[in-house]
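Below you'll find the structure, written out as C-alpha cells, and then a few comments.
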Amino acid sequence: IPQSRMVSFSIIAHVDHGKSSLSQRLLELQGNVATGEESALDTLEVEKSRGITVKAVTASMMYGEWLVNLVDTPGHVDFAHEVRRSLAACDGALLLVDAAQGIEAQTLSVAAAARSAGVPLIAACSKCDLVTADPDAVALALCASGLVEDDDPDRVLRLSAKTGLGVPEVLPAVLGFAKQEASSRSLPLRARVVDSRYDAKRGAVCVVRVVDGVLRENQKIIFLSRPEEALSVQEVGLLTPAPLRSSSLPAGCVGYAICGLRDVRRALVGDTVAESAVEPLEAGFQPAIPALYASVFPPDGALFDDMARAVDRLALNDAAVTVEREPPRPSLGSGLRVGFLGVLHMDVFRQRLRDEFDADVLFCAPLVPYRLVKNDATVVDVKSLDDWPAVDDDEVEILEPVVDVDVLVPTSFLGAAVQTLEPRAKRQLALETTGETTVLKYVLPWARVVDGLSEELANATRGYASLAVDHAPRFETARGLVKVDIALNGTTVDALSFVAARDDAVKKGRDAAASLKTHVPRHQFEVVVQAKIGGKVLARDRIPPFRKDVLTKGGKTVGGGDVTRKKKLLEKQKQGKKRQKTIGNVALSQDAFWAVLNVK
Ligand code: GTP
C-alpha cells in the first residue's frame, strides 16, 4: 500500500461520549471483529470492571485501497496524557460530542490538545439515536465555538454507535487527513515509539509509527536514547487490534515491534528507533509531570524485588507513571515512590498490579508534591512528611502545586458550582457566560482537586457541570497548612500522616481517627488511635480487643467436622493477612492506609 494511502486518526472526546462504542462499530464494519463480539478495545480487566477506557488502543483496518489506523483514547481527565501521546501518532482526530450532552469541559481540553499538537480535527455528534439528542443544536454550537476549522454545521457527522447511523461516513471523512507529501520510504529508518507494554514471554512490545524508511524483521536497530546497545528486530506486524505478523512495516504504518528488550525500562515512549545515528524524531508530546506521589510497599520486606519488578513492568505500559526508590522508612521498610496524574490513575494502577501481575502491594495515602524553601533559599522537594517543618517553624516557606481548572456549567447551576469551587480555590481567573452555558476558570491547590472535587461538583450541579484540569502543576506559596500525625498505641505511623488546612485540621484529624477505627482490624489487645498536630492530641479513639477466629461464627463452629472446609477458611484468613502490613504490633490493611484519604 503506498504511503499516500495510509492514514492514522484518533477519536477524542469528553468522558463517556461514546469513543469506544464507535471504534468497535468501525472495526465491525471493516470486518476486523465479528458483530456483537465483546469490546475488542477495552480488554483490560480494570476497563471491563469499571466500564472506562484507561489505555489508548491502536487498530489498523483496510478500507478499500486504504490502510486506516484508528486510536481509541481514554476520556477521563487522569488519562489525558494517553490522549496527547496518541495524537503524536496521528494525522488527524475525530472530535466526538454526545448529541444529548453537548460540549463539555474536556471537549474543549482535548480539542486544545489536538490544536497544540498541530493535529487537524473533524467533528461528529454521537448517540444521535437518543430521544434527548439534539444534533443540530450541538453541531451549531461546535461550529460557533471555533473548535473545528470547518464551520459548516451540515458537515458535522451525525452518528449512532447503537443503530449504526452515519458510521459508514466516518472513514471516508477521515481519508482527508492523509498527507500528500512524497513517500519517505527510501530514507534511512526512523520510527517513533508511541506506546509499549510488557509481555512475559517476549519482553517489551513497542507500538511504533514508522516515519521514514522500512522497519523489517531481523533488521539491526538501535534506540537513539541509548545508541550503544545494538538490537535485532524479532517480529513486526499490524495491530487489528489483535497482532497480525508481517515481515516489514513501511513508512506510514503504525504497528508493533518486538526487539528482544528484556530490560523494560529501556523501551522509552517518545524514543526513536533507527539503524544508525540519525537525527531523532521529536517526541511530539511533553513528558507527564506527576501530580501525586504514593509510597508503595510489599506487605513483607522479602518481597520487595518481586514488587519492584511488577511495578516496573506495569509502568512500561503507562508512560505517565514515574518510579523511584524510596529511602527505607522505619515503619514500612523499603519501598518505591510512584508518581501518578490523579487518584483514579493511581487506583487503576493498583488494580492492574493485582489483576495482571498478581502483585501484593500496599499503597500509602498519596501526597501532592510540596516544596520547602529554606531561609538560605535552598529548595527541597518534600518526599515524605518526615520532611515537613515543625508547627512553629517560621523560617521555612511551604510551596504547594496549583493547577488551572476549567468548569463548564449550565448558567442555571452557576451558583451551585461557584459555591463548591470558591472555598477550595486560590482565585478566580474568569467567568464567561455565553447564552445558557458559563465557563469558570479557577486556580486551585492541586490537593483540593484530588480531594474529591469532581464528585462534589457533580453532586452540587446534578451532574451538569464538567471539569477539565491542566495537569502541569506550578508552585505557589501555601498558607496555613499543617501536618496531622496519626499514632497507634502511642507510636506515630509516618505512613498515615497527612496535610490539611489549619482551620480544617481538627475536623479532619477526628474524622481520620474515627475512620481508622472502622478500618483497623481488631487485635487481641486494645489499639488506641490518636490524631495529633505537633504534640497536641486532636482526637482519640479506641479499638477494643477481639480474637478473630474464622472457625467460629456467633459462638458456633462453622463447617462442623469438615476438615477441607476448615482448611479453606484458614487459607482465606491467610490471604487476608498477606495483604496486611504490621507496624509496631498493629496489622494494617490497604483500607486503613486509605482511610485517611477518604476524609472529607
Ligand atoms: P471513556 O473511554 O471511558 O471515556 O468512554 P467512551 O467515550 O469510550 O464511551 P463508551 O463508548 O464506553 O460509551 C459510554 C456509554 O454510552 C455506554 O454506556 C454506551 O453504551 C453508551 N453509548 C455509546 N454510544 C452510544 C450510542 O450511539 N447510542 C446510545 N444510546 N448509547 C451509546
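Whatever order the structure lists ligands and atoms in, that order sets their numbers, starting from 1.
Close approach to L130 involves these atoms of ligand 1, each under 4.0 Å from a residue heavy atom: 30 (N). Proximity to I52 (heavy-atom distance under 4.0 Å) selects the following atoms of ligand 1: 3 (O). Each of the following atoms of ligand 1 lies closer than 4.0 Å to a heavy atom of S160: 27 (O).
Protein heavy atom closest to atom 9 (O) of ligand 1, with residue, atom name and distance, is G18 N, 3.2 Å. Distance from atom 28 (N) of ligand 1 to its nearest protein heavy atom, with residue and atom name: D129 OD1, 2.7 Å. For atom 22 (N) of ligand 1, the nearest non-hydrogen atom of the protein is K127 CE, 3.7 Å. Closest to atom 2 (O) of ligand 1 among all protein heavy atoms lies T53 OG1, 2.9 Å. Residue, atom and distance of the protein heavy atom nearest to atom 27 (O) of ligand 1 are A161 N, 2.8 Å. Nearest protein heavy-atom contact of atom 17 (C) of ligand 1 is S21 OG, 4.9 Å.
For H17, every heavy-atom contact with ligand 1 shorter than 4.0 Å involves the backbone, none the side chain. Under 4.0 Å from ligand 1, heavy atoms of V15 appear from its side chain as well as its backbone.
One N or O on the side chain of E47 and one on the backbone of L44 form a donor-acceptor pair closer than 3.5 Å.
The pair R352-D347 does not count as a salt bridge, with every side-chain nitrogen at least 4.0 angstrom from each carboxylate oxygen.
With atom 4 (O) of ligand 1 as the reference point, the heavy atom nearest to it among E82, K19, H14 is part of K19. When the heavy-atom distances from atom 5 (O) of ligand 1 to D16, I11, L165 are ranked, the shortest goes to D16.
Some N or O of K162 is nearer than 3.5 Å to an N or O of ligand 1, by distance alone. The shortest N/O to N/O separation between L22 and ligand 1 does not fall below 3.5 Å. Taking distance alone, with nitrogen or oxygen atoms compared against 3.5 Å, S20 approaches ligand 1 more closely than that limit.
With R158 as reference, D136 is the one residue of D134, D129, D136 to meet the salt bridge (Lys or Arg N to Asp or Glu O under 4.0 Å) rule.
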Next on the checklist: Between V254 and L239, is the side-chain contact (heavy atoms from CB on, under 4.5 Å) condition met? List the steps.
Outcome noted: CA-CA 8 Å; V254 178; L239 294 159; over 6 Å; no
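Under 3.5 Å, the side chains of D318 and H81 contain no donor-acceptor pair of N or O atoms. A donor-acceptor pair shorter than 3.5 Å can be found between the side chains of S20 and D72. A donor-acceptor contact closer than 3.5 angstrom is absent between the side chains of S412 and E436. A side-chain donor-acceptor contact under 3.5 Å links S60 and N69. No side-chain donor from either of D98 and S126 sits under 3.5 Å from a side-chain acceptor of the other. For the 3.5 Å distance criterion, the side chains of E104 and H17 qualify, holding a donor opposite an acceptor.
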